[in-house]
2 protein chains.
Amino acid sequence: MKISTRARYGTRALLDLALHQAEAPVSLKDIAKRQEISLQYLEHLVTPLITAGMVRSVRGPKGGITLAKSPAKITMSEIIQLLEGSTALVECVDNPKLCPRADSCVTRDIWTEVKDAVNGVLDSTTLQNLIEREEKKRKTPKQEMYYI
Amino acid sequence: MKISTRARYGTRALLDLALHQAEAPVSLKDIAKRQEISLQYLEHLVTPLITAGMVRSVRGPKGGITLAKSPAKITMSEIIQLLEGSTALVECVDNPKLCPRADSCVTRDIWTEVKDAVNGVLDSTTLQNLIEREEKKRKTPKQEMYYI
DNA sequence: ATATTGTAGATTAATTCAGTCAACAATATT
DNA sequence: AATATTGTTGACTGAATTAATCTACAATAT
């Protein structure tokens with residue numbers, strides 16, 4: 001029940017991109033270096049993001065990638081959808097026809113609730129949110145608790 | 001990001017058990033037949049449930065398994081924990097020490113929220129709940145919607 | 001013209017997982 | 001006591017998935 005490194009790396013890469021993009025595109029090389037991801041693997045992660053129109057790419061020297069939309073308009077839900085597929089933990093949640101029991105299966109109902117719960121979190125989290133959390137963490141790093 | 005068949009089969013097996021247990025233990029053979037699970041595979045699923053004290057077993061003729069606790073006291077959370085392990089989608093959620101970035105990683109925070117959301121559903125669903133849903137479904141099967 | 005950067009397909013190596021095989025242990029029934 | 005029935009356990013296999021690399025190619029700034 002783990003998420004693929006594909007989705008993990010991809011999310012981190014996008015956040016890295018969001019944090020570093022100004023005018024110029026950000027090179028995959030730089031992202032790979034900062035995020036400690038193999039460049040060649042990162043290239044493959046980025047492909048579906050470009051295809052989906054979430055990211056734009058520029059070839060050649062000084063090339064790289066940029067976000068095609070504002071970070072506030074990119075949800076983790078979309079990212080995970082592109083890199084991992086559905087968040088359903090069980091196939092039959094998305095495809096009732098896969099199982100003859102689907103209609104009457106109460107455990108399937110629970111798996112559906114779980115999917116909705118997961119999506120609830122991912123839908124409401126945008127890249128912008130992540131950026132803000134990042135900034136907040138840098139301001140108050142490792143806050144200790146003091147009891148009087 | 002799928003859950004293992006282990007956990008799916010196990011959950012269904014436990015619900016089947018809860019529905020069919022009266023006085024006598026229910027044989028794995030019967031559960032396997034009703035749930036269309038290979039008997040040999042089911043045996044392996046049941047082992048950790050017995051070890052954990054959720055299920056009791058009786059060997060020999062007329063033997064089988066019984067729930068060791070009332071269905072109202074068995075949550076899906078426990079079941080999944082036993083058969084699948086943690087519901088964390090990423091290792092570092094449970095083990096921050098695995099990653100040097102863990103403390104400062106905002107994506108990890110989101111994965112933690114996701115885990116909590118999943119557990120929210122699973123914690124609040126007991127075998128008893130499933131039984132009741134099952135009964136409800138049998139009473140009002142495939143309710144159609146009529147618009148006037 | 002060339003170095004730099006992204007694109008894409010093929011391939012490999014490792015891991016995980018579902019499922020089976022086989023030998024064993026306990027016990028109700030006869 | 002003998003036997004059939006049922007659960008227990010460990011080893012093993014085959015398939016599928018996945019992370020990651022290799023290779024050749026395409027575009028473009030300088």
Quick check against the 3.5 Å criterion: does Q35(B) have a side-chain atom that pairs as donor or acceptor with the backbone of D16(B)? no

If every non-hydrogen atom of P25(B) is compared with every non-hydrogen atom of T66(B), which pair is closest and at what distance? CA-CG2, 3.6 Å

Rounded to whole angstrom units, what separation is found between the CD atom of E91(A) and the P atom of dA16(D)? 14 Å

Verify the contact: side-chain N or O of K62(A) to OP1 or OP2 of dT5(C), cut-off strictly under 4.0 Å; return yes or no. no

Taking V121(A)'s backbone N and O only, do any of them form a donor-acceptor pair with E113(B)'s side chain (distance below 3.5 Å, no angle check)? no

Are any side-chain N or O atoms of R8(A) and backbone N or O atoms of V90(B), one a donor and one an acceptor, separated by less than 3.5 Å? no

Length of the line joining K2(A):NZ and dT17(D):P, which is rounded to integer Å: 19 Å

Separation of atom CD1 in I50(B) from atom P in dA25(C), rounded to whole Å: 17 Å

In whole Å, what is the span from the CG atom of L49(A) to the P atom of dT7(C)? 11 Å

Starting at CG of L42(A) and ending at C1' of dA8(C), how long is that distance when rounded to a whole Å? 15 Å

Under 4.0 angstrom, heavy atoms only, what part of the nucleic acid is V46(A) near: base, sugar-phosphate, or nothing? nothing

For D30(B) and dT5(D), what is the distance between atoms CG and P respectively, to the nearest whole Å? 14 Å

Non-hydrogen atoms of E36(B) and R101(A) that approach each other most closely: OE2-NH1, 3.0 Å

Could you tell me whether the side chains of T75(A) and D123(A) share a donor-acceptor contact shorter than 3.5 Å? no

Identify whether any heavy atom of G63(A) sits under 4.0 Å from a base atom; if not, whether one sits that close to sugar-phosphate; answer base, sugar-phosphate or nothing. sugar-phosphate

Whole-Å distance between dA26(C) P and R59(B) CZ? 6 Å

Take atom CG of L17(B) and atom P of dG7(D), then tell me their distance rounded to the nearest Å. 11 Å

How does each nucleotide of nucleotides 16-22 of chain C score, in 5' to 3' order, for protein heavy atoms under 4.0 Å: base (B), sugar-phosphate only (S), or none (-)? --SBBB-

Does a side-chain N or O of S57(A) approach OP1 or OP2 of dT5(C) to a distance below 4.0 Å, or not? no

All heavy atoms of S86(B) vs all of K115(B), minimum pair found to be OG-NZ, 3.7 Å

My understanding is that a pair needs two contacts under 3.5 Å, Watson-Crick or G-U wobble. By that rule, which nucleotide pairs with dA24(D)? dT7(C)

